[in-house]
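Written below as structure tokens is the structure these notes are about.
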Amino acid sequence: LKITVDRVPVPVAFGPAFEGETVRREDMHVEFGGQKTPGFELVRTAGPDTVEDGRITLSGPDVDAVEEGGALPLGIVVDIYGRKMEPDFEPVLERRLHHYLNYAQGVWHIGQRDVNWVRISKEAYGRGFRLRHLGVILYAKLKSEFASIVDRVQVRLSTEAGEVTAWRGEAREYYARRDARLAVLSDENVDTFYSCTLCQSFAPTHVCVVLPERVGLCGSVSWLDARAAHEIDPHGCNQPVPKKDVLDAAGGEWASCNEFIRTHSRGTIERVKFYTIMDSPLTSCGCFEALVCIVPECNGFLIVNREHAGMTPAGMTFSTLAGSIGGGVQTPGFMGVGKAYLGSRKFLKADGGLARIVWMPAAFKEQMRPVLEKRAAEDGLGADFVDRIADETVGVEVEEILAFLYEKEHPALSLEPLF
Ligand code: SF4
Ligand code: ZN
């Protein structure tokens, strides 16, 4: 048993217990980013010669140079050198910044990349918290929690507007490269998927299989993340799932994946087809961001997000539906998904893809609009496809939405019957 103790030399209390704490405007000494000042954060891989372990630098004014309630720009660049560090791990480490900074009492962080927002409370300031302590936190946590891949860490902070803007331009090139890297990954050009069994703590037979084109249903584990997590902790809950011996190419079924799932579901799940929800779909634990559910009368599916409290055409709300499909059981016609999966070329591929979506909450539709429009164009469904999906303003009764779908000539109506 390995016990790690948080000993981070900052003048405020520090630990996961403070993660949920917010710093309200009236309690803050200073804020950064949040679309008010330029701000960004970046973790990047660097060579051994450019990283001096433990070096923390600040250019520009510190927080004692601003009046109470003021704002400053802030750039955070964390350079990592490690013999086993890879650029693909950068986003995994970068996302930890959010957690680590929130561990400090009186420090509040939301967002990521170049849409981050940080506040330091009056109380933390009064106790002597200064900007370099952000670096102290990141150094201590990245070194201890990623010991297997991180050999040296240095943190560069800047509050100087010109410099922050210039650095941010460079950071944006990193972000764009990462997005491009994820975008070109496809299920076809890898030979390994990754499992995630984190949720077995409450859904003991549940196994998520994360594919390049299918994010974990909680929305926070991509294939790159799972792969990185496996490299970082080979005995952890992300394991390689070999992709061998195809049984059903269209449905997305491989003998080796079935074997893995059978073993790791304690023998309860015999087979899984990744590209359909109608036959042997992936199981759902309980933390899916959204839920896909068959609407037989419309020859399609509805998709409802967790935030939507209202009724759906399935005659149930999200929470009622979630209660009936969660827990790690396989329920054909129903499946939990991550929101980003809607943008995947593999989204319900074997069932007819995006064209099967007949209903979704209006706010969710707006949130996903850019992604949906791009995918609809790729699938030849037309730019206006999104507006042919019914929502609660059309109705939550099947008859109401069916009339709308006919009027809009929704493509699901001319697809082959679902069963
Ligand atoms: Fe892992 Fe997310 Fe799946 Fe849970 S829902 S097992 S955390 S990928
Ligand atoms: Zn889960």
Side-chain angles (χ1 to χ4, degrees), residues 16 19 88-89 91-96 98-99 112 145-146 182 185 187 190 192-243 252 254 257-269 271-277 280-293 303-307 318-331 334-344 346-348:
E19 205 180 348
D88 278 351
F89 302 166
V92 178
L93 272 58
E94 196 175 285
R95 209 176 38 224
R96 302 303 298 172
H98 167 70
H99 299 278
Q112 17 85 37
E145 297 207 358
F146 292 96
L182 255 179
L185 278 174
D187 296 353
V190 301
T192 308
F193 299 146
Y194 285 89
S195 66
C196 186
T197 50
L198 196 63
C199 290
Q200 288 200 345
S201 55
F202 63 91
T205 60
H206 174 67
V207 181
C208 267
V209 180
V210 181
L211 283 58
E213 295 180 86
R214 187 186 196 279
V215 65
L217 52 82
C218 57
S220 57
V221 181
S222 74
W223 183 86
L224 282 174
D225 297 336
R227 175 176 164 275
H230 174 69
E231 304 247 335
I232 292 162
D233 179 7
H235 305 293
C237 59
N238 301 104
Q239 294 297 320
V241 183
K243 193 187 96 180
W254 286 268
C257 299
N258 283 342
E259 197 184 306
F260 183 99
I261 290 167
R262 203 176 299 132
T263 308
H264 290 84
S265 67
R266 296 163 167 79
T268 58
I269 307 296
R271 60 194 303 191
V272 162
K273 297 189 179 198
F274 298 126
Y275 303 145
T276 170
I277 78 169
S280 310
L282 274 158
T283 58
S284 302
C285 44
C287 39
F288 31 85
E289 288 186 297
L291 191 156
V292 183
C293 154
I303 177 162
V304 56
N305 55 325
R306 184 172 290 276
E307 299 88 328
F318 176 91
S319 55
T320 312
L321 277 166
S324 54
I325 73 157
V329 290
Q330 206 166 33
T331 321
F334 300 83
M335 189 167 66
V337 296
K339 286 180 183 177
Y341 186 45
L342 270 83
S344 167
K346 296 297 193 302
F347 179 70
L348 310 180

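Both ligands and their constituent atoms are indexed starting at 1 by order of listing. Everything numeric here is computed off the predicted structure, so don't read it as measured data. Any value given below was found using the heavy atoms of this structure, including those in side chains, with hydrogens, waters and symmetry copies removed. Heads up: numbering here begins at 1 and tracks the sequence.
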Side-chain donor-acceptor contact under 3.5 Å, His98 with Gln112: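 The answer is no; no qualifying pair exists.
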
Does the side chain of Arg266 pick up a donor-acceptor pair with the side chain of Gln200 at under 3.5 Å? yes

If the threshold is 4.0 Å, N to carboxylate O, is there a salt bridge linking Lys243 and Asp187? no

Answer yes when Glu307 and Lys339 have at least one side-chain N-carboxylate O distance shorter than 4.0 Å, and no when they do not. yes

Taking 2.8 Å as the cut-off, does an N/O/S atom of Cys199 lie below it from the Zn ion (ligand 2)? yes

Test side-chain contact (heavy atoms from CB on, under 4.5 Å) on Leu321 and Cys293; report intermediate values, then the result. CA-CA 9 Å; Leu321 277 166; Cys293 154; 4.1 Å; yes

Can you tell me, to 10 degrees, how wide the angle at the Zn ion (ligand 2) is between SG on Cys285 and SG on Cys287?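 With the Zn ion (ligand 2) as the vertex, SG (Cys285) and SG (Cys287) sit 120° apart.
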
Taking the six-membered ring of Phe274 (Phe, Tyr or Trp), confirm whether the NZ or CZ of Arg214 is under 6.0 Å from its centre and within 45° of its axis.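 Judged by the rule (NZ or CZ under 6.0 Å from the ring centre, within 45° of its axis), Arg214 is not positioned above Phe274.
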
Compile the protein residues with any heavy atom at a distance under 4.0 Å from an atom of ligand 1; present them by chain, then by number. Cys196, Leu198, Cys199, Cys208, Gly216, Leu217, Cys218, Val221, Cys285, Cys287

If the plane angle is over 60° it's perpendicular, under 30° parallel, otherwise tilted; pick one for His230 and Tyr194.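 Tilted, since the angle between the ring planes falls between 30° and 60°.
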
